[in-house]
Amino acid sequence: MTDATDTRTPDSRPTGGLSAQYQPGEVEQRRYERWVEAGYFTADSASEKPPFTIVIPPPNVTGSLHMGHAFEHTLMDALTRRRRMQGYEALWLPGMDHAGIATQNVVERQLAAQSLSRHDLGREKFVERVWQWKAESGGAILGQMRRLGDSVDWSRERFTMDEGLSRAVQTIFKRLYDDDLIYRAERIINWCPRCLTALSDIEVEHTDDDGELVSIRYGEGANSIVVATTRAETMLGDTAVAVHPEDERYRHLIGTEVELPLTGRRIPIVADEHVDPAFGTGAVKVTPAHDPNDFEIGQRHGLPSLTIMDERAVVTVPGPFEGLDRYEARPAIVAALREQGRIVAEKRPYQHSVGHCARCKTTVEPRLSLQWFVNTKPLAKAAGDAVRDGRVTVEPAEFTKRYFAWVDNMHDWCISRQLWWGHRIPVWYGPNDEVVCVGPDEEPPTGAGWRQDEDVLDTWFSSGLWPFSTLGWPEQSADLTKFYPTSVLVTGYDILFFWVARMMMFGLYAMDGVPPFHTIALHGMVRDQHGKKMSKSFGNVVDPLDWMDRFGADATRFTLARGANPGADVPVSEEWCQGSRNFCNKLWNATRFALMNGATVAGELPPSDELSTVDRWILSRLQHVTAEVDEQFETYEFAKICDTLYHFAWDDVCDWYVELSKPVLAGGGEAADRTRRVLGHVLDHLLRLLHPVIPFVTEELWTVLTGAETVVTAAWPATETARIDDAAEEEVAALQKVVTEVRRFRSDQGLRPGQRVTAALTGLGNVGIDVHEALIRSLARLDRPAADFAATATLAVTGGITVDLDTRGTIDVGAERARLEKDRAAAEKEAAQCRAKLGNEAFVGKAPEAVVAKIKDRLTAAESDLTRITAALDALPST
RNA sequence: GGGCGCGUAGCUCAGUGGGAGAGCACUCGCCUUACAAGCGAGGGGUCGUAGGUUCGAAACCUACCGCGCCCA
């Protein structure tokens, strides 16, 4: 902890050398590397402090920082920085994943530029080449994270392909295999004919696309049957036609055979409950090797599966269609069928759901192939139970149902990928069909005929281990002991299924039932200012680096955090970022003012009974704000944290406290000394409270203000309830009301801000603020009445306060009459509403006493205002 | 088709039983010695529609309309 114990006299650093405007670029570059060098972000596993751990959702090694990262990192950094200040041993662990498909694509594209394919290099050389690429161009995002100010522990940076993490992958694979939770089977999987690999269900994105629905007649005469399909080309692989067993139209055909056109093959008509009689003709073609539903029908009826396309989705059936791509084959086959008079109906366009590769958007081809799977049933059950029994909470809670819906209906997970970049499956096949799964400390079998499985594992398989593999698992390392389980997982709701569920399953399995985190804090997606998704095709993508250049990292962070309502999407715009920059500048100038006026953090804060009402008021407000911010941090209400601090800083501190302090500071003496101490204290705490969200500007200002080393490790402010002072708050509120009312009059009358007006104030004692008359006069620029005082206007301020002003005859009677009439109307409306309520017996009888009393007070106040407003109106000279 | 959520000021969003709020935008007046990236003042909303519960509904219930997302 750093305690502020600066002993220099205020005069030795009038403005701390602060310029009139905040220049973020200059400050930020200077600060970050110093933080890292000082080791503030390096966690100590031997520490006695309670741990606070966040693992970064590992960005893709090929990626660069986009607004979504900037957003997510801002939230994680804010949480981590606060905990660090609170005295936790805070670890925010950075790293990246190897992004199998994406990275392989990048390097293959480079090779293609030299007219080479990965096969020209061979597996070993290719993988070498990828490592080389990573060393040269990978991880651009890591440098960008520094610009954003991420307080991550760089000494613990991890990469999913590192030796330790690879060992974790092999270890868990072996354990799952031995527990029969990993198996190899021939199944229909999602295949990307461009990436040439299998994909898991969640790597497929479904969209409604325009296609065609073609009805084809199979067979002849009375025994013919019409099927409807969106994929006519797959008919070459049909091995049956299916109808619903109850469907009267086709009952007589069940068990018969029809001839499959263009092939001469005869296929059976089978009855299956899963056929929807209402869809199309009620009869469906069955292509077990190219459709997941058909595959299941095939399984139920013992149908053969005919694969008719190769891995690039090119037809392989000998004949006229051989060598045609699936999209060339479709019209060719429809044409051939039409020639035979077999096309009964055609519908174009026909909208239907089509799956696409999440990585390259190519339409996936369901494909029958031999792959490795995780049996997710028991793992997913445990992952669901951990949330069900409250060991893990999802924030916001609305997402809990979605989480259950997913984990409770999870399909087995296809984990093999036909790639070279990734963790190779640790299974060897022997010459006599032996299958051996090899653990990390075991020697793979050698000798003739033994070969390792060619495939690698899904990237999510390794990132699912992230919360413990990065801490040293499977070794029981000091880090694992100290920092597992992690405290909170911060991530977007879009990868609840991709990643969160995987970590839950693996964490519970590998760590003896201890879930990888206590809290899952979900955030939304960053959108443009109209709530539209950012996309290149819309041209509405905003680059966070650009914002950081122009407005500063703090402004970028504040804009993102300020929009962060739990689980909700975050719209951002340049204008809002400008506003955030303005806020940083406001803090800058408030501190500048404080330094110019000798604000200090030296010595004890005077006891409340020695402080002025205004000093007690701002300290009281500070306590409320501190308590609110604490509560908002605990519930991940980042938008509210920002809002609370923004308004406290701008409205309470700058607009009122600083202005109210000016006459006190100018007056000198002990009163000024006390206010200098309070001003120093308030800014000190305000900057600490803001530091987690806007680390750079707060560091710069706080160190100048306090003379201490850094705010990064300064103690987080505690709420001092003894400083809460309701009386002071009420007095200042009353004072503000009078000042505002006078300013309103001045504005309506077109009086210049600097123009002094003579006025008599009466009734201040009603609300106990007669002692503040001088302050009120100072802020409202009112002179004391002289002998020739003659009021030309009267203001009625709620609370029974009256301000008589002498404008030396220059009163704009029209404007004043309009103002008073508006006030009278408002007061009349208020009084009428209150009277109506109080005249309602049911209300008086049933509403709580406090509510009734409040309405009575409001009525009294409104009637008092009304009397004085009416009098003022009557006193206006007639025009 | 199933599920979740949203509809509040021009825009983006808070507010979840007792006087309709914020930021930005807008209007008017100000270079007032911390800040024009600023200061002061102001205008602007039948809280999607229709019922219901209640002394009292933006909030709770029901239906409908519109929009978004996830899953099938």
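Excluded from the calculations below are hydrogen atoms, water molecules and symmetry mates; all remaining heavy atoms, backbone and side chain alike, are included. Reminder, nothing fancy here: chain letters follow the sequence lines and each chain counts from 1. Keep in mind the model is a prediction, meaning the values are calculated, not measured.
The distance between atom CE of A:Met410 and atom C1' of B:C71, rounded to the nearest whole Å, is 13 Å. Rounding to whole angstrom units, CG of residue A:Leu645 and C1' of B:A14 are separated by 16 Å. The OH-C1' distance, from A:Tyr657 to B:C39, rounds to 20 Å in whole Å. Distance, A:Lys532 NZ to B:C69 C1': 16 Å, rounded to whole Å. Note: OH (A:Tyr646) to P (B:A37) measures 14 Å, nearest angstrom. If you take NE2 of A:His647 and C1' of B:A22, they are 5 Å apart, rounded to a whole angstrom. Computed from coordinates, the A:Arg592 CZ to B:C35 P distance equals 5 Å when rounded to whole Å. In this structure, the CG atom of A:Leu496 is 11 Å from the P atom of B:C71, given to the nearest Å.
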**Report entry** Per-nucleotide protein contact string for nucleotides 40-47 of chain B, where B marks a base within reach and S marks sugar-phosphate only (heavy atoms under 4.0 Å, - for neither)
**Finding:** BSSS----
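Between A:Arg744 atom CZ and A:Arg819 atom CZ the span is 5.0 Å, to the nearest 0.5 Å. The structure places CG of A:Leu701 at 4.0 Å from OG1 of A:Thr591, a figure rounded to the nearest 0.5 Å. Atom CG of A:Leu587 is separated from atom CD of A:Glu700 by 13.0 Å, given to the nearest 0.5 angstrom.
A:Cys584 comes within contact range of no nucleotide atom at all, as no heavy-atom separation falls under 4.0 Å. Counting non-hydrogen atoms under 4.0 angstrom, A:Phe551 reaches nothing in the nucleic acid. Across all strands shown, A:Val572 has no heavy atoms under 4.0 Å from either base or sugar-phosphate atoms. Across all strands, A:Asn585 comes closer than 4.0 Å to base atoms (heavy-atom distances). A:Arg562 comes within 4.0 angstrom of sugar-phosphate atoms only, judged by non-hydrogen atoms across all strands, and of no base. Across all strands shown, A:Asn565 has heavy atoms under 4.0 Å from sugar-phosphate atoms exclusively, and none from any base.
The partner of B:C31 is absent, by the rule that a Watson-Crick or G-U pair needs both atom distances under 3.5 Å. As the counterpart of B:C26, B:G42 is assigned, both hydrogen-bonding distances of the Watson-Crick or G-U wobble pattern falling under 3.5 Å. Base pairing annotation: B:A72 forms no Watson-Crick or G-U wobble pair, as no partner gives both donor-acceptor distances under 3.5 Å. Nucleotide B:G51 forms a Watson-Crick or G-U wobble pair with B:C61, both donor-acceptor distances falling under 3.5 Å. Nucleotide B:G21 is matched to B:C13 when pairs are restricted to Watson-Crick or G-U wobble geometry with both distances under 3.5 angstrom. Across all strands shown, the partner of B:C67 is B:G5, judged by Watson-Crick or G-U wobble contacts whose two distances both fall under 3.5 Å.
The gap from the C1' atom of B:A9 to that of B:A72 amounts to 40 Å, rounded to the nearest Å. The P atoms of B:C67 and B:G40 are separated by 43 Å, rounded to the nearest whole Å. The P atoms of B:A14 and B:U54 are separated by 31 Å, rounded to the nearest whole Å. Separating the P atom of B:C31 from that of B:C39 is a span of 16 Å, rounded to the nearest Å. Comparing B:U27 with B:U8, their C1' atoms are spaced 23 Å from each other, to the whole Å. The same atom, C1', is picked in B:G7 and in B:A59; the two are 14 Å apart, to the nearest Å. Here the separation of B:G17 from B:C35, taken at their P atoms, is 45 Å to the nearest Å. With both ends at atom C1', the span from B:C61 to B:A25 equals 38 Å, rounded to whole Å.
Both A:Trp406 and A:Gln578 lie close to RNA chain B; mapped to their nearest nucleotides by heavy-atom distance, the more 5′-ward contact belongs to A:Gln578. Both A:Gln23 and A:Arg752 sit near RNA chain B, but only A:Arg752 has its closest nucleotide nearer the 5' end.
No hydrogens or angles considered: a donor-acceptor pair under 3.5 Å links the side chains of A:Thr559 and A:Ser580.
Of the side-chain N and O atoms in A:Lys662, none sit less than 4.0 angstrom from OP1 or OP2 of B:U33. At least one side-chain nitrogen or oxygen of A:Asn582 sits closer than 4.0 Å to the OP1 or OP2 atom of B:G38.
Distance from the side chain of A:His530 is smallest to B:U12 among B:U12, B:U32, B:A22. The side chain of A:Pro571 lies closest to B:U12, out of B:A34, B:U12, B:A37.
Using a 30° and 60° split on the angle between ring planes, A:Trp650 and A:Tyr646 fall in the tilted class, from 30° to 60°. Ring geometry for A:His523 against A:Phe71 counts as perpendicular: the plane angle is over 60°, on a 0 to 90° scale with 30° as the lower cut. Classified by interplanar angle (parallel below 30°, tilted 30° to 60°, perpendicular above 60°), the ring pair A:Phe633/A:Phe638 is perpendicular.
For A:Glu821, the CD atom sits in a packed shell: over 12 heavy atoms of surrounding residues, nucleotides or ligands are nearer than 6.0 Å. By the 6.0 Å contact criterion, NZ on A:Lys401 is open, its count of non-hydrogen atoms from other residues, nucleotides or ligands being 12 or less. Applying the 6.0 Å contact sphere to CD of A:Glu634 captures more than 12 heavy atoms from other residues, nucleotides or ligands. Around the CZ atom of A:Arg752, the shell of radius 6.0 Å holds no more than 12 heavy atoms that belong to other residues, nucleotides or ligands. The number of heavy atoms from other shown groups lying within 6.0 Å of NZ (A:Lys377) is above 12.
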Tabulate protein N/O versus nucleotide N/O from nucleotides 16-19 of chain B, keeping only pairs under 3.5 Å, one per line.
from	atom 1	to	atom 2	distance (Å)
B:G19	N2	A:Glu830	OE2	2.5
B:G19	N2	A:Arg858	NE	3.2
B:G19	N3	A:Arg858	NE	3.1

Report task. Would you sort out whether A:Asp643 and A:Arg562 count as a salt bridge (charged side-chain N to carboxylate O under 4.0 Å, His left out), showing the intermediate values? Result -> CA-CA 7 Å; A:Asp643 205 52; A:Arg562 198 180 190 186; 3.6 Å; yes
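Between the side chain of A:Lys586 and the base of B:C35 there is at least one donor-acceptor pair of N/O atoms closer than 3.5 Å. Evaluation of atom-type donor-acceptor distances gives a pair under 3.5 Å for the side chain of A:Gln21 against the base of B:A37.
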